[in-house]
Structures are given as C-alpha cells and as structure tokens.
Amino acid sequence: MPGSEAVQPLWGREGGVAVTQRRGYVPQELEPKWQRRWRERGVLRARDDSDRPKFYNLVMFPYPSGDLHMGHMRNYVIGDLYSRFQHMRGMEVLAPFGWDAFGLPAENAAIKAGVHPLHWTRANIARAKEQLDMMGVLFDWDREVTTCDPSYYRWTQWLFLLFLERGLAYRAMAPVNWCPVDQTVLANEQVIQGRCWRCGAPVEKRDLEQWFLRITAYADRLLDDLALLEHWPEKVRVMQANWIGRSRGLEVDFPLVGLDQSLRIFTTRPDTLYGVTFMVMAPEHPLVAAVTTPEHRDQVAAYVERARRESEIERQSTEREKTGVPTGGLAINPLNGERVPIWVSDYVLMGYGTGAIMGVPGHDERDFAFARRFGLSVREVIAPPDGPQGELSAAYTGPGRMINSGPFDGLEGQAAFNAVADWVERRGLGQRATRYRLRDWLISRQRYWGCPIPVVHCSGCGVVPVPQEQLPVLLPETYRKLDQQPDFYRTACPRCGGDAHRETDTMDTFIDSSWYFLRYTSVHDQTRPFDPALANRWMAVDQYTGGIEHAILHLLYSRFFMKVLHDAGMVDQVEPFTRLFTQGMITRHGTAMSKSAGNGVAPDDLVVREGADAGRVYEMFIGPPEEDAEWTDAAVAGPVRFLQRVWRLVAEPETVRVSGQGADPAVLRRRVHQAIARVTADYHDFRFNTAVAALMELSNAMQEYLANGGARGPEWEEAVSAMVRLLHPLAPHITEELWERIGGDGLCVDAPWPVHDPALAAEPEVTLVVQVAGRVRDRLQVQAGLNREQAVQLALASPAVGRALNGRSPTRVVHVPDKLINLVP
RNA sequence: GCGGCGGUGGUGGAACGGUAGACACAAUGGUCUCAAAAACCAUCGUCCUUCGGGACGUGUGGGUUCGAAUCCCACCCGCCGCACCA
C-alpha cells in the first residue's frame with residue numbers, strides 16, 4: 001500500500017462522505033509509519049516464556065477467496081481491538097492468524113481462469129495480508145498457518161492416522177449426499193434443506209464407499225459438555241444440542257406373522273405401545289421384500305423404486321400429503337398379542353432408529369396424518385389431565401395417564417416409561433436405547449484441492465495406512481482429479497511391497513480447521529502436530545470471535561477433535577474455546593456485503609479517503625457487534641470528525657477558541673475517571689458501540705473545558721493521557737502519533753491501561769427526579785446523599801409539585817436515593 | 001409447524017423496573033469569512049401553549065407495579081435455526 005503519494009487532496013463530497021482538506025491530522029501519512037514501527041518492534045508477538053498471564057485471543061481464520069471488504073474486516077477489527085486492550089491490561093496475548101486454504105473456490109477459479117489453485121490461493125493471501133496491514137490489524141505473523149502447505153497438512157494426515165488407529169476413522173458403504181454440481185459427496189452438516197451448502201444444488205443420494213469419522217462415539221460428551229461452555233451464546237449451545245438430538249427410548253421386537261423374524265422398532269413413547277394400530281417400514285428397509293405378500297408385491301416394488309428416485313427435497317417436505325402402500329404383512333404387538341398391518345412409507349427414514357416404527361395415530365401427529373389418509377384405526381391410550389377424550393380429532397402428544405393399556409392403566413410420566421421398559425426387557429423383547437440425530441462425519445471428497453487421505457489400497461493387505469515416516473502424502477502439482485493421475489495413485493504397498501493403489505479422495509476442509517488453533521501454539525515444531533507442553537500453556541482459547549454461520553459445523557468438529565486429542569493424551573483441556581463471540585453481518589443497501597452483490601466497501605478506498613482509524617471507529621460505532629448492521633457511507637463522517645477533534649485537543653489545544661468561562665478542573669477530572677470506568681467495562685464486555693460514545697462524550701467534555709478557558713494543568717494532562725490510551729484499541733495509529741507528541745513512554749500499545757478512581761468519578765451533585773403519582777413534575781439539582789426526609793422536604797417545596805398535589809398530602813413516598821422521589825397522594 | 005432473536009425520532013442506535021431518545025448521521029438557523037469549506041454554537045418525537053408549561057408517545061391489546069421500552073399473558077410483523085429424527 002503506497003503512502004502519501006496515493007493521497008489526492010479531496011474536496012467537497014465524494015461518495016456521500018464529506019472529505020475536506022486536512023491540516024494537522026493526515027492519517028494517510030501517519031498510518032503507514034506506525035504500521036512499520038509495530039512490525040519492526042515485533043508488537044504482539046507472543047512469548048512462550050513470558051511471566052504475564054496468558055490470553056489466547058483468536059479470530060476464525062478465513063478462506064482466502066479474494067479481496068476483503070469491511071464486512072470481513074469487522075471480525076478482524078474486533079479481534080485486534082481486543083488484543084491491544086488485553087495487552088495494555090498486562091496480559092501475554094497470543095493473537096495468531098492463518099488461512100483455511102484448501103477448498104472448492106480455488107478449483108472453480110482454476111477452471112474458470114486457468115490459474116493453478118495454489119497460485120490463486122497464494123495471490124489472495126498476499127492481497128488479504130496487505131489489507132489487514134493497512135487497517136492496522138496486528139497478528140503474530142511468526143505463527144502463520146496455511147492449511148494447504150505440506151508443513152501443515154502433513155500433520156492433518158498424521159491426525160487422520162491417529163483417528164484410524166483409535167478406531168475413529170472407518171470406511172463404509174452408505175447412501176451418501178452427492179452434489180452433482182460440485183461433483184463430490186457432502187457431510188450431513190453441509191446439506192441445508194436438501195441442498196448443497198456451497199452451491200445450492202439439490203443433493204442426490206448415492207451408494208458409495210466412503211471415509212467417516214466416528215463423531216457419534218462422542219455424542220454424549222459433545223452434548224453434556226455444552227454445560228461447561230457458560231460463556232458461549234445460548235443460541236449456539238441450543239443449536240448444537242438440537243443438532244446432536246439425543247433421544248432416550250426403547251427398542252421393541254414385533255414378531256412377524258408367518259416368518260421366523262421380528263421387526264425391531266425404536267420409540268421414545270413406550271407408554272403408547274397399546275395404541276399401535278399399524279407398523280411402517282422405510283422403503284429401504286431390508287425386510288420389506290420378506291414381509292410383502294404376493295398380491296402386494298408389484299405395488300410395493302413400484303413404491304420403493306419411486307422413493308429411491310425422488311430427491312431429498314421432495315422426500316423430506318412436510319408440506320406434501322403422506323404416501324405409502326400396504327405390504328400385506330402382519331406384525332404381532334408383543335404387549336397385547338394384537339396383529340397389526342405393516343405398511344411402507346417414506347416418512348420413515350432408514351437412517352434413524354431402526355428404519356421402522358410402530359404407528360400410534362392417537363398420540364403422534366405424523367402417524368395420525370397417515371392413519372387419516374389411509375383409513376387406519378385410531379386408539380386413545382393416553383388420557384390428558386382432564387380425562388379421556390373418547391373420540392380423537394387430532395393426536396394428543398402431551399403428558400397423561402395410560403388407559404386401555406391392560407396392567408399398565410393409571411401409570412404416567414417416567415413411571416409409565418419405566419414400567420413398560422422393564423416389562424419388555426424382562427421378557428427379552430427389547431431394551432432401552434439412546435439414539436442421536438447426529439450421524440458420523442463423512443469426510444471423503446472427490447476433489448483435487450484438499451488434503452490427501454493417507455492410506456493405500458492393496459489387493460492382498462486391504463486398507464493400509466501410510467507409515468508416519470512417509471508423510472506427507474504430497475498433492476501432485478498437476479491440477480487434475482487424483483483418480484486420473486496414475487503417477488499419484490500407483491504405488492507400492494507399505495506392508496507387502498506389492499502393487500497398490502493410493503486413496504484418491506481428499507479430506508473435507510473442515511478437518512483442516514478442526515485443529516489449527518492447536519498448531520498455532522507451536523507452529524514450527526517439525527516432529528509432531530503440536531507440542532503438548534505449549535498447547536497446555538496456551539489452551540484453551542480465552543476468546544474466540546467469528547461468524548454465527550459456524551455455529552454447528554466448525555465449532556462442533558473442533559470440539560470433537562479436542563476431545564479425541566485429549567483422550568490421546570496430547571492436550572489437557574476437553575473444550576477448545578472458553579468464550580465465544582459471534583459477530584453480526586455488515587449489510588449495505590439492505591444485503592450482506594459481498595463481491596457478487598457488488599456492495600462491498602473496500603478497506604483500500606476507506607483508508608485513502610478517511611484513514612484506517614476512522615473506518616475502524618465507524619465499524620465499531622455502527623451498532624452492537626453481535627447484531628447485523630447497515631453500513632451508511634455518510635455516517636462515517638461522525639468518527640472522522642471525532643478523530644479530528646481528538647487530534648486538535650491533544651496536538652493543537654491552542655487553536656481551540658475560548659468563548660466562555662467557568663471551566664472547572666475538578667469536573668474535567670471527574671469526566672475522565674467516569675470515562676475510564678465506562679470504556680474499560682464496555683471493551684471487556686464487547687460493547688464497542690457504547691465505548692465509542694463514552695469517548696465522544698469525553699472529547700466533548702474536553703472541548704467544553706478548553707472553550708470555557710480551562711488551564712492546561714495537571715488535570716488536562718491527565719485527561720489527554722487517558723483519552724489517548726483509552727482510544728488506542730479503536731484507533732491505534734492516531735493514538736501512537738499523539739502518544740509520541742505528548743512525550744509518552746515507548747509505544748502507546750505498550751502503555752499501561754488507565755485505572756479509574758471511584759472517588760474521583762463520583763458526582764457530588766445529582767438530579768433528583770420528583771414525581772407525583774408516578775408522573776415527573778420536577779427535576780432538582782441537589783447534593784448527593786440526601787436522606788428520605790430531606791428529599792421529601794425539597795420535593796414539597798417545589799411549586800410544580802404543589803400544583804400537582806393540589807392541596808392533597810402524600811400518603812405514600814417512594815424514595816430511590818440520589819435518583820428519584822415519588823409522592824403518591 | 002416447532003425453537004430462538006428482534007420491532008424505540010427522518011436514519012444508526014442509548015437506556016441496573018426509576019428523567020425515554022445518550023452518542024452520532026441527516027436537516028434547520030447562527031458565529032466566523034469577500035465568499036465557501038472546515039470549525040464552533042443553537043434547535044431537532046408528535047400535538048397544544050398565555051412560552052411558565054401541558055397532553056400523548058418505545059409494533060397491537062390486556063395485566064402486574066407508586067412507577068414498564070424493560071416483567072407477565074395474548075396477538076401482529078420481521079429475521080435466523082430446525083424441519084416427518086419416531
């Protein structure tokens with residue numbers, strides 16, 4: 001980024017922003033200067049051997065997709081602000097950065113523009129770094145991580161082998177999600193409403209042999225440990241809990257009439273077992289053909305075939321009417337011996353439970369709809385609190401007492417569940433079971449630009465892991481699908497030495513990002529993924545900041561990895577991120593800033609026009625950081641004026657025209673200490689918008705002080721010093737320059753954080769609000785600390801109160817000391 | 001459908017159950033200037049006013065309270081997540 005030569009004097013209005021000649025404060029000149037100094041002095045390079053308490057401040061690393069805009073920048077400005085704040089507060093801050101550099105956009109760009117994914121990625125990284133620099137965002141670049149670099153993905157492969165060794169990685173044939181546009185399979189988490197999360201194409205089902213990670217083995221811990229994450233947004237915890245979707249229930253075998261087999265079902269409502277009037281199997285259920293009687297064979301075969309062909313979107317729609325066909329087969333309810341018909345319907349999913357259900361139309365909405373559609377009978381077996389309804393016009397799914405249930409009549413709730421479950425278990429008809437919505441993580445990707453899965457297929461030895469000393473399995477330089485590159489896949493079996501075939505799938509890129517925060521702690525270690533001692537020194541991440549879009553995917557996978565690595569003895573902690581903050585999107589003209597929408601604000605333009613500091617302050621002032629916010633070009637003027645004013649107050653106080661009198665140094669001092677308290681608390685709690693407001697108020701108070709003839713004595717010096725340091729995390733460049741000019745020690749970023757004195761911040765006088773019957777009638781300036789009687793006396797003396805009381809006397813008095821007095825007649 | 005979050009001036013937004021609209025943007029008037037910009041000062045929810053002030057006002061309707069933007073109930077609207085998971 002060029003310095004002053006890029007700056008044209010801008011006059012009048014440009015893009016709706018008032019840009020004017022600049023006198024003393026020329027951000028375009030001083031910003032590059034301080035960026036250089038920070039770099040030279042190694043500011044915010046984390047020391048492993050520091051005595052200061054550690055603070056691991058992490059922002060989610062990005063996919064390097066091209067130019068950054070101010071929407072992306074919000075995340076990095078928040079991160080940088082927090083790093084500087086914690087550093088000034090005396091913490092040893094670890095603030096690393098890197099690039100989630102494998103992935104499909106690089107390949108798409110390669111196809112479209114004919115550039116190799118690696119070159120495209122490298123160019124984007126260089127560009128993004130430049131943009132981060134120009135915004136004054138500091139990271140510990142000595143610890144930079146790039147996931148497509150062999151020095152990184154070597155350890156991704158190593159970790160895959162660890163999972164394999166621990167029985168947590170396996171290969172299986174399964175109906176998987178296939179995206180026809182991206183030409184690859186997808187994990188469950190990457191299918192949003194039946195469509196590919198990346199390109200939006202409807203996902204198809206295919207039977208393929210693929211690699212999975214056994215995340216379901218950790219389902220209970222991933223769910224239960226959410227309770228440890230008290231500093232995570234409730235919303236994210238709820239989303240994860242729902243995603244894991246633990247259900248405790250009962251499996252029951254229903255013997256099949258005429259066959260020597262049973263149909264196993266899973267239910268969370270054993271107390272409704274007497275209400276079963278039919279059974280339903282998923283079309284893919286292996287026993288469908290066996291239960292189907294000859295006269296139903298054609299109809300069932302046709303239905304199964306049609307279900308196979310339908311897309312996930314069609315099948316999963318709740319809107320459409322239920323479909324299904326009878327099989328002619330019968331099952332026996334083991335509780336009451338009744339014979340019930342077996343149907344096939346696609347509302348039952350093969351992938352959940354046992355792929356078959358018992359139909360209880362009286363107490364399940366879906367079963368009710370199905371029964372209505374096909375004229376199946378409905379039976380009431382759960383009575384609501386106010387008694388049985390007799391005829392059910394809808395499924396009753398609420399709590400209640402068992403009825404029409406033989407020996408179980410009268411039981412309810414957990415007792416009913418247990419009685420039926422015990423009965424079933426004692427007779428060997430089934431057992432209690434826990435089921436999850438969460439599925440194992442499908443990680444194979446049929447793409448070039450990813451981390452190769454380090455295994456070899458040998459006709460004699462089967463699947464053989466690549467020995468650790470042969471890692472990394474390097475991605476070939478030629479950009480072409482790996483299964484079309486014989487030089488890559490032809491290899492020798494590491495075990496028997498015979499001809500073998502390398503795995504040609506690459507890993508889901510979410511694997512790369514599931515452990516990068518550990519690599520940062522010892523990025524130069526050539527012997528292992530990370531040094532356990534250093535990981536234990538820095539982990540867990542104290543503050544993690546990023547977008548809500550990762551509420552499930554990245555944050556769930558990372559938690560899973562952390563637990564596996566903990567079990568492997570590589571790290572002490574069980575959760576990676578202590579405190580999570582999810583920032584909102586920046587919109588402009590009503591939609592998210594993006595390249596495709598063409599509404600992004602480039603940091604480059606902002607830096608040239610207003611300076612990085614004004615852009616940072618505006619972006620923090622725009623609204624609460626956790627909420628979406630609309631970028632208004634004209635509104636940047638506020639922060640621009642604010643910084644100009646701070647400059648003038650600190651560097652050119654003599655230019656402030658005196659137009660009044662009566663400046664009180666004690667009042668100034670009070671404002672300063674109030675500001676220190678507010679800004680410190682606001683930064684700490686991520687209330688950056690009100691922190692900016694508090695600093696603006698302080699600048700207004702300082703302006704007023706000088707305009708009223710205030711002396712530039714010790715109180716003024718204190719105000720200036722506090723202002724500069726409090727403002728530093730928001731506007732680092734201008735404050736470094738001002739810090740130097742006022743003769744501050746060293747760099748401003750290294751200066752100690754100001755401490756407020758509550759005694760000095762206390763107001764000696766307060767406004768006492770006087771109400772009559774809850775309505776404000778007067779406001780009195782009174783000395784602080786008045787007692788109830790004094791307050792009543794003063795209130796009664798007010799003429800406005802006299803009018804409002806109109807001769808009546810108060811029967812009740814509410815007194816909030818130093819705030820309010822309410823007289824109720 | 002279920003779950004979560006939100007609805008405050010022309011705009012972005014403040015407000016431990018206690019002065020609604022902090023702080024800004026925009027707008028209007030003024031000081032300065034040959035003029036303009038910048039800077040600074042003032043006004044800035046709606047209606048009424050004898051200019052003292054008064055009434056109304058935080059999506060809608062109720063309720064709790066001396067007092068509600070804030071707590072409770074019902075509803076409307078918007079956004080996000082899940083979506084036949086038995």
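We name chains A, B, ... by the order of the sequence lines, and we start the count at 1 in each one.
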What nucleotide, of B:A86, B:C84, B:C23, holds the atom closest to the side chain of A:Asn700? B:C23

Is A:Glu654 atom CD crowded by more than 12 heavy atoms from other residues, nucleotides or ligands, each under 6.0 Å away? yes

Would you sketch RNA chain B in dot-bracket for me? Only Watson-Crick or G-U wobble pairs with both distances under 3.5 Å count, crossing pairs as [ ], other-strand pairs as |, the rest as dots. (((((((..(((.....[....))).(((((.......))))).((((....))))..(((((..]....))))))))))))....

Can you check the A:Glu704 CD to B:C40 P distance for me, whole Å? 13 Å

If you only use heavy atoms from C-beta on, which nucleotide in B:A86, B:C25, B:G18 is closest to the side chain of A:Ala637? B:C25

Is A:His363 reaching over with its side chain to a backbone N or O of A:Val381, donor-acceptor style, under 3.5 angstrom? yes

Between A:Gln674 and A:Ala761 (side chain of the first, backbone of the second, donor and acceptor by atom type, cut-off under 3.5 Å), is there such a pair? yes

Considering only nitrogen or oxygen atoms on both sides, find all protein atoms under 3.5 Å from nucleotides 69-72 of chain B and state each distance.
none

Those residues of residues 433-441 of chain A lying under 4.0 Å from RNA chain B by at least one heavy atom: A:Arg437, A:Arg439

Can a side chain N or O of A:Arg812 be found less than 4.0 Å away from OP1 or OP2 on B:G67? no

By the rule that syn is within 90° of 0, classify the base conformation of B:G54 as syn or anti. anti

Side chain of A:Trp243 only, please: which of B:G54, B:C80, B:A83 is the nearest? B:A83

State whether the side chain of A:Asn333 and the backbone N or O of A:Leu273 hold a donor-acceptor pair below 3.5 Å, judged by distance alone. yes

Distance only, no hydrogens: is a donor on one side chain within 3.5 Å (strictly under) of an acceptor on the other, for A:Arg248 and A:Thr434? yes

Any carboxylate oxygen within less than 4.0 angstrom of a Lys/Arg side-chain nitrogen, looking at A:Arg671 and A:Glu763? yes

Got a donor-acceptor contact below 3.5 angstrom from the A:Tyr705 side chain to the A:Asn700 backbone? no

NZ/NE/NH1/NH2 to OD/OE distance under 4.0 Å, A:Glu251 and A:Arg264: yes

Donor-acceptor contact below 3.5 Å, side chain A:Asp628 vs main chain A:Thr587: no

Report the distance from atom CD of A:Gln644 to atom C1' of B:A39, rounded to the nearest whole Å. 10 Å

When we call it a touch if two heavy atoms are under 4.0 Å apart, what does A:Ser247 touch: a base, just sugar-phosphate, or nothing? sugar-phosphate

Can A:Glu630 and A:Arg588 be counted as an ion pair, charged N to O under 4.0 angstrom? no

Protein-to-nucleotide contact annotation, 5' to 3' order, nucleotides 7-14 of chain B [B base; S sugar-phosphate only; - none; under 4.0 Å, heavy atom]: -----BSS

Sequence neighbours excluded, which residues qualify as side-chain contact (heavy atoms from CB on, under 4.5 Å) partners of A:Gln790? A:Leu786, A:Asn787

Of all the nucleotides listed (B:A20, B:C84, B:C25), which has the minimum atom distance to the side chain of A:Arg779? B:A20

Give a yes/no on whether any side-chain N or O of A:Arg657 is located under 4.0 angstrom from OP1 or OP2 of B:C40. no

Is it the case that the side chains of A:Thr767 and A:Gln781 hold a donor-acceptor pair, with the cut-off being a distance below 3.5 Å and no angle test? yes

Remember a base hit wins even if backbone is also touched, and classify A:Gln771 as base, sugar-phosphate or nothing at under 4.0 Å, heavy atoms. base

Salt-bridged, A:Glu697 to A:Arg678, with N to O below 4.0 Å? yes

Starting the side chain at C-beta, find the nucleotide from B:C80, B:U19, B:A86 nearest to A:Val776. B:U19

Expressed as a whole number of angstroms, how long is the span from A:Arg775:CZ to B:G53:P? 16 Å

Could you pick out which residue, A:Gly245 or A:Thr767, lies toward the 5' side of RNA chain B when each is mapped onto its nearest nucleotide? A:Thr767

Under a 4.0 Å heavy-atom cutoff, the residues of residues 815-825 of chain A touching RNA chain B are A:Val816, A:Lys819, A:Leu820, A:Asn822, A:Val824

Measure the distance from CG on A:Asn242 to C1' on B:A83 and round it to the nearest whole Å. 11 Å

Less than 4.5 Å apart, any side-chain heavy atom of A:Val280 and any of A:Ser345? yes

Keeping A:Asn822 on the side-chain end and A:Val814 on the backbone end, is there a donor-acceptor pair under 3.5 Å? no

What interatomic distance, in whole Å, is found between C1' of B:U8 and the corresponding atom of B:G78? 16 Å

Given B:A86, B:G54, B:C80, the nucleotide with the shortest approach to the side chain of A:Arg777: B:G54

Output yes when at least one side-chain N/O atom of A:Arg648 is less than 4.0 Å from OP1 or OP2 of B:C40, else no. yes

In whole angstrom, give me the gap between the C1' atoms of B:C71 and B:U65. 10 Å

Can you tell me how far P in B:C5 sits from the matching atom in B:C73, rounded to whole Å? 13 Å

What's the shortest heavy-atom distance between A:Pro399 and A:Tyr396, and which atoms? O-OH, 2.5 Å

What do the steps show when you test A:Phe688 against A:Phe621 for ring pair (Phe, Tyr, Trp, His ring centres under 6.0 Å), and what is the final call? CA-CA 7 Å; A:Phe688 307 124; A:Phe621 188 52; over 10 Å; no

Check whether any side-chain nitrogen or oxygen of A:Arg641 sits under 4.0 Å from OP1 or OP2 of B:A26, and answer yes or no. yes

First of A:Ser659 and A:Arg269 reached from the 5' end of RNA chain B, by closest nucleotide: A:Ser659

Check: A:Lys322 side chain, B:C84 base, donor-acceptor under 3.5 Å: yes

Please determine if A:Arg237 and A:Glu234 form a salt bridge, counting it only when a charged side-chain N lies under 4.0 Å from a carboxylate O. yes

